[in-house]
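One is the number of the first residue; the rest follow in order along the sequence. Just follow the structure's listing: the first ligand is 1, and inside any ligand the first atom is 1.
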Amino acid sequence: MWGNPRTENVTTDVPGNTCRAPSTPKFMRISRILPLSQMREGRPGAATRPQEPGYDQWSLEHHGLIVDKVVEEVKPKVLLELGTYCGYSAVRMGRLLPPGGHLFTIEFNESFAAIAQQIIQLAGLQEKISILKGPTEEIIPQLKKKYEINTVDMVFLDHWKDRYLPDTRLLEESGLLRKGSVLLADNVILPGAPEFLQYIRNHKGFECTHYPSMLEYLPMKDGLEKAVFLG
Ligand SMILES: C[S@@+](CC[C@H](N)C(=O)[O-])C[C@H]1O[C@@H](n2cnc3c(N)ncnc32)[C@H](O)[C@@H]1O
């Protein structure tokens, strides 16, 4: 699912886990969203809470809890997500938005966007979350004029890792960052976004914090990087 050649075709040796490494985390996140029949319309929590007993066996919520914490701190009125997939993190973050807050999430795969739209609807968050269909490199420069977004309070980067750096630059160039805007980048260690980390940590205009984490479902280290734009 991550589409990174460095991790493709790696099988896990976690007992009882027969899935392939690149698809496992995101696939299993979605399996926690599904089955849809168990979700109650209009109740976002139902879309983020696993149904099975023992679900936290491998700290499944670790990344999610870090994301929750940052969203709760920032209280973004305008939250931008790069990479929707089937809407797990969109629902997760959408349920924590402050009153009047809105999440714009960008996805270039039409099938994923269609599934995400249904998940968002089932979670009752359709008024708070908009899916923008297309590649980030095309949509980010249109955000001001076409979507009337002046600046963003927070950006969650979770699309292809080689886009983290060019899209960060695009956000800067497009004037979408204001003093205090927060970037939160997922999986910066595994599969990894080394060029992004080098850029952001050496940039005087950003203050960075690293949040180490274990990769969901696999005993491997990963991490999220938070970067606050200083203006
Ligand atoms: C890791 S998944 C996102 C997972 C999602 N944030 C979640 O936690 O539920 C990455 C997604 O980004 C999308 N994507 C990758 N590069 C993109 C780009 N440049 N523009 C738009 N979507 C992109 C892929 O199609 C994929 O669905």
- Query: If only atom types and distance count, is the side chain of Asn187 paired as donor or acceptor with the main-chain N or O of Gly192 below 3.5 Å?
  - Reply: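 No, the answer is negative, given that no donor and acceptor are paired below the 3.5 Å cut-off.
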- May I ask you to decide if Gln198's main-chain N or O and Arg201's side chain share a donor-acceptor pair within less than 3.5 Å?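 No, Arg201 side chain to Gln198 backbone: no donor-acceptor pair under 3.5 Å.
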Between ligand 1 and [X], is the shortest N or O to N or O distance under 3.5 Å?
{"X": "Phe108", "result": "yes"}
{"X": "Asp158", "result": "yes"}
{"X": "Glu137", "result": "yes"}
{"X": "His159", "result": "no"}
{"X": "Asn109", "result": "no"}
{"X": "Phe156", "result": "no"}

Would you check if there is a donor-acceptor pair between the side chains of [Y] and [X] at a distance under 3.5 Å?
{"X": "Glu172", "Y": "His203", "value": "yes"}
{"X": "Thr209", "Y": "Glu225", "value": "no"}
{"X": "Asp167", "Y": "Thr136", "value": "yes"}

- Message: Can you tell me which portion of Trp160 lies within the under-4.0 Å heavy-atom range of ligand 1? Options are side chain, backbone, both, or neither.
- Response: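 For Trp160, the contact with ligand 1 is made by both the backbone and the side chain.
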- Message: Return the NZ to CG distance between Lys75 and Asp153, rounded to the nearest 0.5 Å.
- Response: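 Result: 12.0 Å between the selected atoms.
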- Message: As an exercise, state the distance from CD1 of Ile66 to OH of Tyr211, rounded to the nearest 0.5 Å.
- Response: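 With rounding to 0.5 Å, CD1 (Ile66) is 8.0 Å from OH (Tyr211).
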Residue [X] vicinity, atoms of ligand 1 by number, heavy atom under 4.0 Å:
{"X": "Phe112", "value": "25 (O), 27 (O)"}
{"X": "Tyr85", "value": "2 (S), 3 (C), 4 (C), 5 (C), 27 (O)"}
{"X": "Ser89", "value": "5 (C), 6 (N), 7 (C), 8 (O), 9 (O)"}
{"X": "Gly134", "value": "20 (N), 21 (C)"}
{"X": "Pro135", "value": "20 (N), 21 (C)"}

Using heavy atoms and a 4.0 Å limit, tell me yes or no: is [X] in contact with ligand 1?
{"X": "Thr84", "answer": "yes"}
{"X": "Ala90", "answer": "no"}
{"X": "Glu81", "answer": "yes"}

- Query: Crowded around Gln142 CD? As in, over 12 foreign heavy atoms under 6.0 Å?
  - Reply: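 Atom CD in Gln142 is packed in, count exceeds 12.
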- Message: Measuring from atom 26 (C) of ligand 1, which candidate in Glu110, Met93, Glu107 has the nearest non-hydrogen atom?
- Response: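 Answer by nearest heavy atom: Glu107.
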- Task: Flag yes if Val228 and Leu157 sit in one hydrophobic cluster, no otherwise; membership is Ile, Leu, Val, Met, Phe, Trp, Tyr, and two members link when side-chain heavy atoms are under 4.5 Å apart.
- Result: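 Shared cluster, no.
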- Task: Flag yes if Phe156 and Tyr164 sit in one hydrophobic cluster, no otherwise; membership is Ile, Leu, Val, Met, Phe, Trp, Tyr, and two members link when side-chain heavy atoms are under 4.5 Å apart.
- Result: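 Different clusters: Phe156 never reaches Tyr164 through Ile, Leu, Val, Met, Phe, Trp or Tyr contacts under 4.5 Å.
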